[in-house]
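Contents: one structure, followed by commentary.
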Amino acid sequence: MFKFTGKVLSLSAAALFASTVISSADAMDDLVKAAKAEGQLTTIALPHDWCGYGDVIAGFKAKYPEITVNELNPDAGSGDEIEAIKANKDNKGPQAPDVIDVGLSFGPSAKKDGLIQPYKVSTWDSIPDSAKDADGYWTGDYYGVLSFQVNKDLVKESPTDWADLLKPEFANSVALAGDPRASNQAIQAVYAAGLASGAAAGEAAGTAGLEFFKKLNAAGNFVPVIGKTATLAQGQTPILVTWDYNALSGRDTLKGNPPVDVIVPKTGVVAGVYVQAISAYAPHPNAAKLWLEYLYSDEGQIGWLKGYCHPIRFNDLAKNGKVPADMLAKMPPAESYTAAVFPTLDEQGMAKEAITKNWDAVVGANVK
């Protein structure tokens, strides 16, 4: 499947939970007690309509009602999450995030900068090695592919590939679901467009993606607005480039008003892995660890599937007969994903640098 080549604990308990895998019920009980003693978890950048996060958060609250979930800035991008850690290093108040959910390339850079701390969840061994940091600093949790979410009241013939977006009938229609100078989702969209043009993976595809969006902007087709399901429904962004799980969730939310198409493009099918990590300065480190335990449990992983995401432990869940058939039936056809590519960390890193540093100079559209 994968191709991407609290209140203070005693010293002994703190050491237990540092980066080792919880391997006993007693250890898990100790973590739960410590997390409940802290009484709060501060998250950031978790929109409830993203990947089923609304239900996932509700599930955690129901399981641990003693822990208040303080949600910061649901619409922030991965870069904003990193900046929030930096800005709150010495702040133990409600503006300091305990945990982050960021694009794959942000994990290693946050580790390098000393912004996150190691922790390995109890289901560690069932997570593919290629989707996690060997030392437990960051761990892949779910993935999807980039797609076109289309308002069918306004767009009669949906685009089927990236090149279609340049057609004159799509004037003032195409938007990204984030700012490509900070949002992983938007960065990956630019990268995917570059791959679709035939450019090699890495920096070349990032540069080619910028050229594509330069053309899209010059043609008057690009809308410099951070698109959402609401802007799509209102007609402000009739075609939105977004992760398939966001597009499918938005389709369900709108319930046919307007009708929505979700198209996985024929080429440049980029799969994006998002990773979880704990801030090195987390005010509630044990609640943070318990949150990760929940996300990587069978219950948490199936929560992603409910939100149209592919959980990182999908193969393990499937092997053990834990994937509900009715959930699989709601996903796009399997063949839509056969061309998906998983960029390596190096490829993502090079493309990210090219895109974030050169967007203003090449494309010149201030997305906000």
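Keep in mind the model is a prediction, meaning the values are calculated, not measured. Along the sequence shown, the residues carry numbers beginning at 1.
Closest heavy-atom contact between Asp153 and Pro258: OD2-CB, 3.4 Å. Here the closest heavy-atom approach between residue Ala354 and residue Thr207 is recorded as CB-OG1, 4.3 Å. The two atoms that bring Pro283 and Pro97 nearest to each other are CD-O, 4.1 Å, heavy atoms only. Looking at every heavy atom in both residues, Pro238 comes nearest to Val155 through CB-CG2, 4.0 Å. The heavy-atom pair separating Trp138 from Pro108 by the smallest distance is NE1-N, 3.5 Å. Looking at every heavy atom in both residues, Ala205 comes nearest to Ala199 through CA-CB, 3.8 Å.
Comment: Asp49 does not engage Lys228 in a salt bridge, judged by the lack of any side-chain N to carboxylate O separation of less than 4.0 angstrom. A salt bridge is absent between Arg313 and Asp141: the closest approach of a Lys/Arg side-chain nitrogen to an acidic carboxylate oxygen does not fall below 4.0 angstrom. One finds no salt bridge joining Lys368 and Asp179 here, because no Lys/Arg side-chain nitrogen approaches an Asp/Glu carboxylate oxygen to under 4.0 Å.
Grouping Ile, Leu, Val, Met, Phe, Trp and Tyr residues whose side-chain heavy atoms lie under 4.5 Å apart, directly or via other members, places Val264 in a hydrophobic cluster with Val145, Val269, Tyr337.
Relative to the six-membered ring of Trp124, Lys132 meets both conditions, a distance below 6.0 Å and an angle of at most 45° to the axis. Taking the ring axis of Phe106 as reference, the NZ or CZ atom of Lys352 stays within 45° of it and closer than 6.0 Å to the ring centre.
Between Asn184 and Tyr274 the shortest side-chain heavy-atom distance falls below 4.5 Å. Within the 4.5 Å cutoff, the side chain of Leu104 has heavy atoms near those of the Leu345 side chain. Looking at heavy atoms from C-beta onward, Pro311 lies out of side-chain contact with Tyr142 at the 4.5 angstrom threshold. Side-chain atoms of Val275 and Val102, non-hydrogen and from C-beta on, do get closer than 4.5 Å to each other. Side chains of Thr123 and Gln301 form no contact here, defined as non-hydrogen atoms less than 4.5 Å apart. Within the 4.5 Å cutoff, no side-chain heavy atoms of Leu176 are placed close to those of Ile226. Residues Thr43 and Leu72 fail the side-chain proximity criterion, which asks for heavy atoms closer than 4.5 Å. Between Val56 and Trp304 there is a side-chain heavy-atom pair separated by less than 4.5 Å.
Interatomic distance, Ile355 CD1 to Glu353 CD, rounded to the nearest 0.5 Å: 11.0 Å. Interatomic distance, Ser173 OG to Gln236 CD, rounded to the nearest 0.5 Å: 12.0 Å. The CD1 atom of Ile82 lies 7.0 Å from the CD1 atom of Ile116; values are rounded to the nearest 0.5 Å. For the atom pair CD1 of Ile100 and OG1 of Thr42, the computed distance is 13.5 Å after rounding to the nearest 0.5 Å. Between the OH atom in Tyr281 and the CG atom in Asp98 there is a gap of 14.5 Å [rounded to 0.5 Å]. In this structure, Thr242 OG1 and Gln149 CD are separated by 6.5 Å, a value rounded to the nearest 0.5 Å.
Put simply, the side chain of Ser297 gets close to the backbone of Gly300: a donor and an acceptor are under 3.5 Å apart. With hydrogens and angles ignored, the 3.5 Å screen pairs a side-chain donor or acceptor of Asn88 with a backbone N or O of Ala84. Within the 3.5 Å criterion, the main-chain N or O of Thr267 finds a donor-acceptor partner in the side chain of Asp161. Between the side chain of Ser183 and the backbone N or O of Pro180, no donor-acceptor pair lies under 3.5 Å. Looking at Gln117, its side chain does come within 3.5 Å of a backbone N or O of Ser279 through a donor-acceptor pair. Using a distance-only test at 3.5 Å, with no hydrogens or angles considered, a donor-acceptor pair links the side chain of Asn91 to the main chain of Gly93. Within the 3.5 Å criterion, the main-chain N or O of Leu115 finds no donor-acceptor partner in the side chain of Lys111. Between the side chain of Asp80 and the backbone N or O of Gly77 there is at least one donor-acceptor pair closer than 3.5 Å. No donor-acceptor pair closer than 3.5 Å links the side chain of Asn172 to the backbone N or O of Phe222. Although no hydrogens or angles enter the test, the distance criterion places a donor-acceptor pair under 3.5 Å between the side chain of Lys120 and the main chain of Ala134.
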For a side-chain contact (heavy atoms from CB on, under 4.5 Å) check, start with the C-alpha distance between Ser122 and Glu293, then their side-chain angles and the critical distance, and finish with the verdict. CA-CA 7 Å; Ser122 56; Glu293 288 289 346; 2.7 Å; yes
side-chain hydrogen bond (donor to acceptor under 3.5 Å, both in side chains) between Glu71 and Tyr53, intermediate numbers included: CA-CA 12 Å; Glu71 300 179 51; Tyr53 252 121; over 6 Å; no
Hey, mind stepping through Asn286 and Leu31 against side-chain contact (heavy atoms from CB on, under 4.5 Å) and telling me if it holds? CA-CA 6 Å; Asn286 298 299; Leu31 177 60; 4.0 Å; yes
Worked check of side-chain contact (heavy atoms from CB on, under 4.5 Å) between Ile67 and Leu290: CA-CA 10 Å; Ile67 300 173; Leu290 187 61; 3.8 Å; yes
Apply side-chain hydrogen bond (donor to acceptor under 3.5 Å, both in side chains) to the pair Asp101 and Gln276, showing each step before the final yes or no. CA-CA 5 Å; Asp101 173 320; Gln276 305 286 346; 3.2 Å; yes
Quick one, Arg181 with Asn358, criterion side-chain hydrogen bond (donor to acceptor under 3.5 Å, both in side chains). Give me CA distance, side-chain angles, the key distance, then yes/no. CA-CA 9 Å; Arg181 296 163 294 191; Asn358 299 308; over 6 Å; no
Show the numbers, then the answer: is there a side-chain contact (heavy atoms from CB on, under 4.5 Å) between Thr139 and Asp133? CA-CA 6 Å; Thr139 311; Asp133 175 66; over 6 Å; no
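Looking at residues two or more places apart in sequence or on another chain, you find a side-chain contact (heavy atoms from CB on, under 4.5 Å) between Thr160 and Asp164, Lys266. Remark: Phe60 engages Tyr64, Trp291, Tyr294 in a ring-ring contact (aromatic ring centres under 6.0 Å, His included) (not counting sequence neighbours).
The neighbour count for Glu157 CD, taken as heavy atoms of other residues, nucleotides or ligands under 6.0 Å away, does not exceed 12. Counted within 6.0 Å of NZ on Lys112, heavy atoms from surrounding residues, nucleotides or ligands total 12 or fewer; the atom is thus considered open. Heavy atoms from other residues, nucleotides or ligands lying under 6.0 Å from NZ of Lys306 number 12 at most. Counted within 6.0 Å of NZ on Lys152, heavy atoms from surrounding residues, nucleotides or ligands total more than 12; the atom is thus considered enclosed. For Asn257, the CG atom sits in a loose shell: 12 or fewer heavy atoms of surrounding residues, nucleotides or ligands are nearer than 6.0 Å.
A donor atom on one side chain and an acceptor atom on the other are found under 3.5 Å apart for Tyr308 and Asp252. Asn246 and Arg251 share no side-chain donor-acceptor pair at under 3.5 Å.
At a threshold of 4.5 Å between side-chain heavy atoms, the hydrophobic network of Ile, Leu, Val, Met, Phe, Trp and Tyr places Val223 and Phe170 in two separate groups.
Aromatic rings of Trp162 and Phe148 (six-membered ring for Trp) have centroids within the 6.0 Å cut-off, being under it.
Partner of Tyr143 under the ring pair (Phe, Tyr, Trp, His ring centres under 6.0 Å) criterion, chosen from Trp243, Tyr245, Phe342: Phe342.
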